[in-house]
Amino acid sequence: MNLRRSLNTKLPPPLKPLTQFIYNYWWSWTSERGSLFRVLAPDLWQDCQHNPVALMQTITPERLWQLAEDPNYLKRLQTLSTEFQTYLHRDHTWAQEAAPSITADNPVAYFCIEYGIHESLPLYCGGLGVLAGDHLKSASDLGLPMVGVGLLYRQGYFAQRLNRSGWQETHYRNNHFESLPLTPVCNEHGQRLKIRVTIRQRMVKAQVWQVQVGRSLLYLLDTDVIENDTDDRQITAQLYSGKPERQLAQEILLGVGGVRMLQALGIEPAIYHLNDVHAAFALLELARFELEQMGGTLDDVKPYVCDRTLFTTHTPVPTGQTFSVDMMEDYFSDYWPRLGLERAEFLALGAQSSTPNVFSMTALALQLTRSTNAVSKRHGEVSRQLWQNLYAERSDKKAAIGYVTNGIHARSWIAPLLEDLYQDYLGKHWAERISDPETWSKIEHIPDERLWQRHQILKARLIAYTRDRVLKSRQERKECSDDINAVERLLDPQVLTLGFARRFSDYKRSDLIFRDLNRLTRIFSNQKRPVQLILAGKARPNDTAGKRIIQRIAEWSRHPDLRDRIAFIEDYDMYTAKLMVQGIDLWLNTPRRPLEASGTSGQKVALNGGINFSVLDGWWCEGYKAHLNGWTIGEDAETRDQDVQDTIDAESFYAQLERDIVRLYYDCDRNHVSHGWVKRMKASIRTIAPIFNSDRMVSDYVNQLYIS
Ligand SMILES: *Cc1c(COP(=O)(O)O)cnc(C)c1O
């Protein structure tokens, strides 16, 4: 059955324009955002995880007809439709001027193993995926033709629940593709388009799906088709399942399959942008195809491959991603002859002198791409050092690893309540002039009271949401009624609120601030100037150390002196992220230097008037302006001993929080406004928003890497 057609019959004629939004995520960064759908049925909308297709499938026709005779709603719909048509068919875009050689027929092909477009499409784990989503959105806004290439996971990344002892449990939910804003791609005969890839001597078929992200198109491969072996149907079951064989199969599908899919779609990319190493096998497939066409040796076609490809590295650790040589033999013994290579020559493509007997995806990517870039200035320095050896082996040697600092898609991350204020004071088209410092100098025109009040509302909303989520978790765990009722006392909108949300892993040191529990308790439970904290984040399924950190934090947050002041929101996702970055006063990041490649959540916070209090690493090295827009934890230096370093950093955190931050926050006038704090909020917005956004990021990619 054609689902679009059935939706179309269900929609009353005046509501037909909704169809175009249901299948294009553009709505999610317009001024209407979810309200376009929420007003149809607020509860259902929430139950459907803000997924418009599922909403349309479950809503009653009666309710739709009610809206169909609401002139206000129809007017809003009409306005948005006009805006959308203008957006889609706009000429004279930034990219048309800046990159005329990139066209719809020859777009940028962007490869990534995960995509965070919206909370309703759970094909992401964290920062990498959200970055990819923001990249596609900004490309669309700038008019840069781009297609994304990825995988469609039946179960996605796991859902997190903590059991009574605070231990993370993993649950998988099935995605129902028919109830998501996805369309199967068909060939010229109207049959579903499927491509073939040989994986471990077996022919695997993958079906092609499409997601519309404004003007950008995201193509996804799905092996859960009836022709495949049961085992092969599972290739695209889960994201980062932690099983090396599964991971290798996925990366062959993404790289080799991705290139074939683009061919099947008739797309000839001007450039292949590999976002992280997981897609590096695309380089082999490009080489193989060229050899098939032109003959010759791999060395002959190398320049051709390099010329069309670039690689963004995201790891600041020396091992990077590797597969065992045994596994590579198993999966590639029938492939290397097609590249005209012997076993040893093939394995040399992934050789890394520091670790023998592994195949390094980074080594492969460095050797066969025109250029490699890191994701922040600091990460560039670290990467150049880290991969120096590998680089020395390149024939051209000329290109060192540069960097393009990550940024965020502002329209997706700004709170509507603040956007409204920005429209009033910065101008209606502030987002289109986001990189212009002039736009942001007008921040000073916003009266302190107005900015403060709106931020307070967003904070109160976050707290209401947090309580709701914590209540549900406690009920699910069947905790005692005292604990369940205690949710009413959890957090206070008047209190300075700290936030911390990201993956829990050892190097991110999420427990750093708990190092001196007595001191933390004293600061948090201060009668006159209390402090509170909201946390969220998952640990990778195999990461026992990460799970232990979560467990300890869960335990500490039950301490009688802390239990009203610390809340952990389970199952972190893009929706929780949105509410957190929009409502928090102070955002923490405490990685072990220099392991944070960039980080982006602090950028989302700053755009919304929150303030960063972070270790100088990743993007913060570029973003931080002393005495102006935030604070740093520890010094910009690393001692050799981790334990000593942790003590120094924790001490730095406590001292500044007590001495400077808490005082500044509670130094309020008669109307309960802290002008000193608002001054920092404004500085945070003004200095960070124009630079750390994805329009700037994509335009840097265009100018420095896509067209050079
Ligand atoms: C922004 C975002 C991230 C990335 O945040 P970092 O600061 O890089 O850790 C991770 N997960 C979600 C859901 C996000 O929205």
Side-chain angles (χ1 to χ4, degrees), residues 28-29 49-50 112 114-135 137-138 156-160 239-240 275-276 312 314-316 374-376 378-379 405-415 462 469 498-510 534-540 546 569-584 586-592 594-608 610 612-624 630 633 688 692-694 697:
S28 68
W29 70 91
Q49 278 81 42
H50 314 139
C112 193
E114 51 167 311
Y115 285 91
I117 308 285
H118 186 256
E119 63 261 18
S120 60
L121 194 61
L123 306 176
Y124 63 93
C125 158
L128 182 70
V130 174
L131 180 78
D134 283 2
H135 200 105
K137 291 175 191 173
S138 271
Y157 198 52
F158 73 91
Q160 176 195 51
L239 170 63
Y240 305 137
N275 191 41
D276 212 354
T312 302
H314 288 266
T315 345
V375 291
S376 72
R378 167 66 56 94
H379 182 228
T405 305
N406 287 344
I408 52 141
H409 188 249
R411 298 168 200 80
S412 295
W413 294 103
I414 184 91
L462 167 64
R469 294 290 306 271
L498 277 48
F500 183 101
R502 53 184 53 78
R503 177 151 59 91
F504 279 74
S505 72
D506 194 48
Y507 86 83
K508 299 207 183 216
R509 296 193 299 182
S510 324
I534 303 175
L535 299 124
K538 302 173 180 177
R540 288 277 168 92
I569 306 176
E570 289 174 29
D571 201 27
Y572 186 48
D573 72 346
M574 285 177 75
Y575 185 64
T576 298
K578 240 174 267 176
L579 293 191
M580 285 184 80
V581 300
Q582 293 171 359
I584 224 80
L586 191 69
W587 192 248
L588 305 178
N589 193 11
T590 51
R592 193 160 271 141
L595 297 179
E596 182 81 317
S598 168
T600 50
S601 55
Q603 303 170 353
K604 300 169 193 166
V605 167
L607 175 70
N608 285 288
N612 282 275
F613 183 24
S614 296
V615 163
L616 270 177
D617 201 9
W619 80 277
W620 191 227
C621 296
E622 292 156 71
Y624 172 61
I633 298 174
I688 293 169
F692 300 95
N693 64 76
S694 53
M697 174 178 74

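Numbering starts at 1 and runs along the sequence shown. Both ligands and their constituent atoms are indexed starting at 1 by order of listing.
- A donor-acceptor contact closer than 3.5 angstrom links the side chains of Y240 and E114.
- Using modelled atom types, no side-chain atom of R503 and backbone atom of K538 make a donor-acceptor pair closer than 3.5 Å.
- For a heavy-atom separation below 4.0 Å, the residues in contact with ligand 1 are G126, G127, V130, W413, R502, Y572, D573, M574, A577, G599, T600, S601, K604.
- Using a 4.0 Å cut-off between charged side-chain N and carboxylate O, E622 and R378 make no salt bridge.
- Between R592 and D506 there is a salt bridge, since a side-chain N of the basic residue sits under 4.0 Å from a carboxylate O of the acidic one.
- Residue R502 is tested with N589, T600, T590 for a side chain to side chain donor-acceptor pair (under 3.5 Å); the sole match is N589.
- Just one of I408, L607, N406, T405 meets the side-chain contact (heavy atoms from CB on, under 4.5 Å) condition when paired with F692; it is T405.
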